[in-house]
Structures are given as C-alpha cells and as structure tokens.
Amino acid sequence: MSEKPPYVSLHVEQSPSNAKSNPADAGAAFVLESKGTWYHAGFHLTTAIVGPTVLALPYALRGMGWGPGLFSLTVAFFVTYYNYMLMSKVLDHCESKGRRHIRFRELAADILGSGWMYYFVVTVQATINTGVSIGSILLAGDCLEIMYTDLYPDGPLKLYHFIIIVTVVLILLSQLPSFHSLRYINLASLVLCLAYTLLVVIGCIRAGASRDAPPKDYSLSSSKFNRAFDAFSSISILASVFGNGILPEIQATLAPPAAGKMEKGLRLCYIVIFFTFYSAAISGYWAFGNQVNSNVLKSLMPDSGPSLAPTWLLGLVVIFVLLQLFAIGLIYSQVAYEIMEKNSSDSTQGMFSKRNLIPRLILRTLYVIFCGFMAAMLPFFGDIISVVGALGFIPLDFILPLLLYNMALRPSKTKAIYWVNIVIMVTFTGVGIIGAYSSVRKLVLDANQFKLFSNDVVG
C-alpha cells in the first residue's frame, strides 16, 4: 500500500481502541463513545434511513409505473443492504489489522491513501448532515404550522415562529453528550416510523375505496422525454431515501470488538425498511395513481374538497412525524458535534466537567441556531437539499463502500464480487449525475416561487 500522508496515520491512531492513549481526541472519547450493542446500532440506522421521506415513495412509483417502480424499489433495497454490509466488513477488516476507524473520512483516506479524499468525504458528509438537520427543523416547523392553522385558521403565527420553537427544543436535546445517549430516543423513533406508516397505509386504503378518491389512472406520460426524465427522477428519489452517510460513525458506537454486530443491526433496520417502504409505496400509489402528490399525506388532505382520511388519523400522523424529526435532527448533528468537540474538549477531564460542559453548551447551541436560521430563511430548502443528496448520498453510500471493499479486501478479478461492485459503482455514478441534473432542473422550475423567510414550504 502506498505511503499515507502524515495526518492520516494520526487520525487512524485516534480510535476508541486507543483513545485513552491519545487523550487529545475528545471527539472519540465523548461523542463517539463505544458502549452500544447491535440493537442500539439498529435503532440508530433506522432513524438515519427511515424517516418522513417514506411518504415520497408513492410519488417515486408514479414516475415509473407498477412493474419498473417495484423492481427499482427492490433493487435499491438489496443494493443498499449489500453496500452497507460491505462497508461494515471493511471496518471489521481494518479493526482486525489493528486500525479501528470511527470516522468515514479517516477510513476513506486510510484505504485510498489520498489526502484529498479525506477532505472530500468530510466536506460532503458535513454538507449532507447539516442539510438534513436544517431540513428536519424546517419540516418540524411545517408540521406545527399545519396543526396550528387547522385549529386557528386566522391565527397570527407564521412558519418562522414554529421554526423558532423547534430550534429551542433541539437546543435542549442537543446537550445529550454522545451518540450512544440517543439510543432510547432512536428506539422511540423506530416505533414512531412504524406507527405513522401504518396510519398512512390505513388512510390510503380508506381513500382508495372512497367515492371521493380521484379516478385510478396508472398511465405514464405520453412524451418519451418526460417518461425518461420522470423515471430518472424517481430513481434519484429512491437512492436518496435509502441513503444515510454516517454508517462508520454508527458502527463506532458499538462496544469493541464490533465485528459481526453491525450485521445484526442492519438486519433489524432492513426489516423495518421492508415493512414501511413497501407498504407506503404500494398503498399510496394504488390509492392515487399518477395523481399522487410528492408527499402522500397532502394527497390525503387535498387543498380543495374534503379530507380523504379521518382528521384524527391525519393529526396523529403529523404528530408522529414531528416527534421523529427531532430524533433525525439529533442523529445527523452528531458528526458536527464530534468535529467541534475533537478540538474544543479535553478528554482528560470528565464529560460533564465545567471545562467541557461550557464549550459543548455554547458550540452546540450556536450550531442549532444556525440550522434554525437557515430553515427560516430558506423554506425552499427541499429543492436545494435534493441536489446535495444526489451529489452527496450517492457517492458516500452507493460508490465509496464498493470502492473501499475492492481496495481493502482485494477480491480477485476472477471473482464475481469484484465485477458486481464495478457494475454497481458505474451504474450509480450515472444515476448520481442524472439525479443531480433532475434536481437542478426542478430547482430552476421552482425558482419563481422562492422567497426568503416565506411562510410556505416549497418543494
């Protein structure tokens, strides 16, 4: 293997297995403390992947139709499970060689032997995680506004008021010191996603059988160009829905030795994914066909005409989504907290010592305030983050795991796994490029609706 840049060997040494011998790395000692079990990892993974984006899956089927849509959903299901398994095997392989990596950026730089790869991964990962945190605050504020306007149609409060409320709550929750301390919150998140998916499925089945439902039409666009564009947009949605970008950091929370534990956590996560993703996608597309909204919840409560689901059911869905968004905002903030506390905290002193507590309180509060301000200023952030997702989630979750596996474990070129990995990498590189184009195109088309500090969420 080629000689590594000096900083790479330094970062490789700063792992939980020897954090005590390297007391300077407070990010590892505090934020990424390794105390978890396989089922804790399953809770974290589920929160990172299964979120309100499940409500966009019927829309993804709309762009391809029944056969290609379900086929693409199944391909994404198995490919991402395969990719995450390989990523876990790469981490296990490095640990067996005495190099336990706890950060995605260090893993990539160590195996690929490239200084620029370290900065590429940390830039993309930080952008994704901050973007998801901003999006979580925005959507949570939108949920509160939906409930408020339903109770007080002419009330004076605006979207930014609810974003401030969400930001204050997240500031309080952000003081939980470590990734591991989120384990019970993420268990609640798992239960919440199962609950609101079940309610949405019930609502869609009821709506589909209702006389007020729109006629069921599953036909695709008559234009070949539009059909192709819709199909690639749907594939991009599927790729983004299955992405997470923080698997190494989640595996870092496992008590060493971590070998084999992540596989169990992934199985738990993908059992939840199977039931939530397929049930929501099939029931929503069946009920509304090619008239389904990009958020199936909006199809259940159209702007004109009566709601197609009971008010109590829609209210519970909004409340459950709101509560889960707090967990999602927390889990995607951990990388930022680890980066900050790696340099601001002192691991030779206690986690709750005055020396570490004050910087943690200040830095995390400022970070959440920044995310809240961006959410209030850019309520069209959904369009922007879709571009970031295409350019970020796909490289981190669909390409790098396979590249790292081929370079770290070096399977023979005569073996099928080597060429399967190459084919998946090439395919999703194309998907990422086309998905980015599709997202930019939507951003341009929606540009006339954009207004800073708007009271309406665009996209």
Side-chain angles (χ1 to χ4, degrees), residues 26-27 29-33 35-36 40 43-44 46-48 51-52 126 129-148 157-193 195-196 246 249-250 253 318-342 344-345 349-379 381:
F30 294 159
V31 182
L32 299 179
E33 62 176 348
K35 294 182 177 180
H40 294 150
F43 302 159
H44 299 325
T46 304
T47 300
N129 292 352
T130 303
V132 173
S133 298
I134 294 170
S136 297
I137 293 174
L138 173 60
L139 293 177
D142 190 38
C143 287
L144 282 176
E145 187 185 34
I146 288 172
M147 292 188 288
Y148 175 76
L157 298 184
K158 304 296 182 183
L159 176 62
Y160 71 88
H161 292 114
F162 301 106
I163 287 176
I164 291 172
I165 293 171
V166 172
T167 301
V168 171
V169 174
L170 269 179
I171 287 173
L172 297 175
L173 292 174
S174 72
Q175 302 311 313
L176 292 168
S178 68
F179 209 137
H180 180 64
S181 62
L182 303 180
R183 61 196 183 279
Y184 297 120
I185 289 178
N186 291 336
L187 169 60
S189 169
L190 186 155
V191 174
L192 287 168
C193 73
Y196 69 68
I246 53 174
E249 285 78 7
I250 291 175
T253 66
V318 172
I319 291 171
F320 291 165
V321 168
L322 168 66
L323 293 174
Q324 199 206 13
L325 284 166
F326 286 114
I328 293 172
L330 284 172
I331 197 170
Y332 276 98
S333 298
Q334 297 306 303
V335 171
Y337 298 158
E338 177 270 315
I339 291 173
M340 291 188 291
E341 293 182 28
K342 183 174 182 291
S344 67
S345 297
Q349 300 190 39
M351 183 183 293
F352 296 102
S353 65
K354 185 178 179 181
R355 163 66 183 81
N356 292 325
L357 187 62
I358 293 176
R360 181 188 307 131
L361 177 64
I362 294 173
L363 290 173
R364 294 191 181 193
T365 298
L366 289 175
Y367 176 79
V368 177
I369 288 173
F370 167 77
C371 291
F373 177 78
M374 295 300 292
M377 186 176 71
L378 304 173
F381 197 77

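Just so you know, these numbers use all the heavy atoms, side chains as well, and skip hydrogens, waters and symmetry mates.
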Worksheet item: Just how far is it from atom CZ of F43 to atom CG of L190, taken to the nearest 0.5 Å?
Response: 7.0 Å
Worksheet entry | For A48 against Y332, the heavy-atom pair lying closest together | O-OH, 2.6 Å
Discussion item. Quick one, T365 and Q175 - any side-chain contact, counting heavy atoms below 4.5 Å?
Written reply: yes
Discussion item. To the closest 0.5 Å, what do you measure between CD1 (I134) and OG (S333)?
Written reply: 10.0 Å
Practice prompt. Look up atom CD in E145 and atom CD1 in I165, then write down how far apart they are to the nearest 0.5 Å.
Written response: 11.0 Å
Discussion item. So which atom in S133 and which in G329 form the shortest heavy-atom distance, rounded to 0.1 Å?
Written reply: OG-O, 3.7 Å
Worksheet item: Parallel, tilted or perpendicular for H180 and H40, by the 30°/60° rule?
Response: perpendicular
Practice prompt. Using the side-chain contact (heavy atoms from CB on, under 4.5 Å) rule, take E341 and R364 through it: C-alpha gap first, then chi angles, then the decisive distance, then the call.
Written response: CA-CA 10 Å; E341 293 182 28; R364 294 191 181 193; 2.7 Å; yes
Worksheet item: So, for L32 and F179, which heavy atoms are closest and what is the spacing to 0.1 Å?
Response: CD2-CD1, 4.0 Å
Worksheet item: Would you say the ring centroid of Y337 lies under 6.0 angstrom from that of F30?
Response: no
Worksheet entry | 4.5 Å side-chain heavy-atom contact, L322 and M147 | yes
Discussion item. When you compare the side chain of R360 with that of P177, does any pair of heavy atoms fall below 4.5 Å?
Written reply: yes
Practice prompt. Might you work through the side-chain contact (heavy atoms from CB on, under 4.5 Å) test for T167 and F373, ending with a clear yes or no?
Written response: CA-CA 9 Å; T167 301; F373 177 78; over 6 Å; no
Fill in: Nearest heavy atoms of T46 and C193, plus distance in Å
CG2-SG, 4.3 Å
Item to complete: Compare every heavy atom of T47 with every heavy atom of S189, then report the nearest pair and how far apart it is.
Response: OG-OG1, 3.1 Å
Worksheet entry | L330 and its side-chain contact (heavy atoms from CB on, under 4.5 Å) partner, picked from L173, N186, V368, L325 | L173
Worksheet item: Counting heavy atoms not belonging to F370, are there more than 12 under 6.0 Å from its CZ?
Response: no
Discussion item. I need the I319 CD1 to C143 SG distance, nearest 0.5 Å.
Written reply: 10.0 Å
Item to complete: Of all the heavy-atom pairs spanning F162 and L157, show the shortest one and how long it is.
Response: CZ-CB, 3.7 Å
Worksheet item: How far does CD of Q324 sit from OG of S136, to the nearest 0.5 angstrom?
Response: 9.0 Å
Worksheet item: Which of these, I331, I137, L192, L170, sits in a side-chain contact (heavy atoms from CB on, under 4.5 Å) with F326?
Response: L170
Worksheet item: Would a 4.5 Å heavy-atom cut-off, applied to side chains only, mark L159 and L138 as touching?
Response: yes
Fill in: Nearest-0.5 Å distance that lies between atom OG in S174 and atom CD in Q334
9.0 Å
